[in-house]
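For reference, the structure discussed in these notes is given below.
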Amino acid sequence: MTEPSLDGVSGPHGGQPVTTAGADLDEARAAVVLVHGRGASPHSVLGMAEEFGTDHVAYLAPAAAQNTWYPRSFMEPLAENQPWLDSALEAVGALVDDAAAAVGAERVALLGFSQGACLSSEFVARNARRYGGLIAFSGGLIGPEGTPREYDGSLDGTPVFLGCSDVDPHIPLERVHETRDVLDDLGADVDERIYEGMGHTVNRDELGAAKGVVTSLESER
């Protein structure tokens with residue numbers, strides 16, 4: 001049986017545990033890599049998987065060292081978050097590779113909240129190909145204003161859901177729009193939804209949109 005692992009990852013997140021739920025990866029039709037937020041744990045995002053009602057999807061949730069993927073704001077200069085950021089991107093990549101080897105990259109989705117949404121978005125942009133989906137709750141691409149967004153590859157129609165409040169205290173609305181535009185330029189099929197006055201959380205409409213992405217991957221090949 002395939003056991004997802006971060007043992008080969010370098011830096012702070014190397015060897016961190018991976019919590020799984022749902023179908024065994026070797027028997028799954030699809031997989032979702034779930035990335036928790038700052039100060040949270042894998043269980044905080046795995047709880048969302050219970051909302052999806054799937055039978056044939058494997059869920060893989062890595063744990064960040066010290067419960068944070070990188071120490072500073074995602075809007076800080078990239079160097080200020082190293083070596084944590086590179087290690088975090090490597091950790092996500094290791095699980096995506098494990099999942100893709102089992103079910104195919106086009107049936108692997110990434111889901112993250114807050115810091116996890118930022119990390120998932122940045123990973124997908126830096127490693128553009130056809131994925132099963134990207135679901136980013138309250139997050140956006142990493143780096144200060146004016147960061148060059150010179151990413152290679154094509155997302156080739158990958159469905160992307162971006163959900164955020166218009167007054168999120170951690171995520172500037174302009175960064176959500178920038179993320180939308182960058183991923184659209186890379187060929188993603190982007191569904192951006194901005195919620196008036198919501199705050200830094202996930203609402204039922206967002207969970208419904210995420211369920212649509214995930215369940216669409218579960219269908220028979």
Side-chain angles (χ1 to χ4, degrees), residues 1-9 13 15-37 39-65 67 69 88-121 123-124 127 129-139 155 158-163 189 191 201-221:
M1 184 173 71
T2 300
E3 290 290 346
S5 169
L6 301 184
D7 288 347
V9 172
H13 304 298
Q16 284 292 110
V18 178
T19 303
T20 61
D24 290 337
L25 189 54
D26 286 337
E27 300 174 356
R29 296 178 190 162
V32 182
V33 176
L34 304 103
V35 190
H36 67 74
S41 70
H43 294 287
S44 65
V45 287
L46 281 170
M48 296 184 190
E50 298 175 4
E51 301 278 344
F52 300 154
T54 57
D55 295 319
H56 305 288
V57 178
Y59 297 97
L60 319 177
N67 303 104
W69 293 109
L89 290 165
E90 187 180 345
V92 171
L95 292 187
V96 169
D97 287 347
D98 285 346
V103 301
E106 73 284 355
R107 286 182 178 262
V108 177
L110 294 90
L111 180 155
F113 171 68
S114 191
Q115 193 182 59
C118 298
L119 185 60
S120 299
S121 299
F123 175 83
V124 166
N127 300 275
R129 59 174 170 172
R130 181 58 161 87
Y131 296 100
L134 167 66
I135 301 158
F137 298 128
S138 302
L155 291 171
T158 295
V160 171
F161 176 79
L162 304 176
D189 181 9
D191 177 5
T201 187
V202 179
N203 66 26
R204 300 303 306 179
D205 185 68
E206 291 178 288
L207 287 173
K211 179 177 180 178
V213 173
V214 174
T215 56
S216 71
L217 303 177
E218 192 181 25
S219 59
E220 292 279 4
R221 296 188 227 203

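We're numbering straight along the sequence, starting at 1.
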Return yes if some donor-acceptor pair links the side-chain N/O of N203 with the main-chain N/O of D205 below 3.5 Å, else return no.
yes
Do any N or O atoms from the side chain of E51 and from the backbone of M48 form a donor-acceptor pair under 3.5 angstrom?
no
Strictly distance-based, threshold 3.5 Å: is any side-chain N or O of H36 a donor or acceptor partner for the main-chain N or O of A61?
no
Measure across V96 and R129 and return the closest heavy-atom pair with its distance rounded to 0.1 Å.
CG1-NH2, 3.7 Å
Gap between atom CG of L110 and atom CG of L60 - 0.5 Å precision
10.0 Å
Exercise: identify the closest heavy-atom pair between F137 and A117
O-CB, 3.3 Å
N/O donor-acceptor pair under 3.5 Å between H13 side chain and A65 backbone
yes
Using every non-hydrogen atom in the two residues, find where S44 and A40 come nearest and quote the distance to one decimal.
OG-CB, 3.4 Å
Euclidean distance, S216 OG relative to K211 NZ, rounded to 0.5 Å:
12.5 Å
Quick check: do F161 and L111 have side-chain heavy atoms less than 4.5 Å from each other?
no
Let me see the working for Y59 and V214 under side-chain contact (heavy atoms from CB on, under 4.5 Å), right down to the final yes or no.
CA-CA 11 Å; Y59 297 97; V214 174; 3.7 Å; yes
Tell me, do F123 and V35 make a side-chain contact under 4.5 Å, heavy atoms counted?
no
Please step through side-chain contact (heavy atoms from CB on, under 4.5 Å) for the pair S120 and V92, ending with a clear verdict.
CA-CA 8 Å; S120 299; V92 171; 5.5 Å; no
Calculate, to the nearest 0.5 Å, the distance between atoms CG and CD belonging to D55 and E27 respectively.
12.5 Å
So L6 and L95, do their side chains get closer than 4.5 Å, heavy atoms only?
yes
For a 4.5 angstrom cut-off between non-hydrogen side-chain atoms, does T158 reach V124?
no
Do side-chain atoms of E218 reach the backbone of H56 as a donor and acceptor pair under 3.5 angstrom?
yes
Gap between atom OG of S138 and atom CD of Q115 - 0.5 Å precision
13.0 Å
Can you tell me how far the CZ atom of F52 sits from the CG atom of L217, to the nearest 0.5 Å?
11.0 Å
Identify the heavy atoms of L25 and A31 that sit nearest to each other, and give their distance.
CD1-CB, 4.0 Å
Check A94 against S5 and note the closest heavy-atom contact, atom names and distance.
CB-O, 4.3 Å
Using 0.5 Å steps for rounding, measure from the OG1 atom of T20 to the CG atom of L34.
11.0 Å
Decide yes or no for P159 and D191: does some side-chain heavy atom of the first lie under 4.5 Å from some side-chain heavy atom of the second?
no
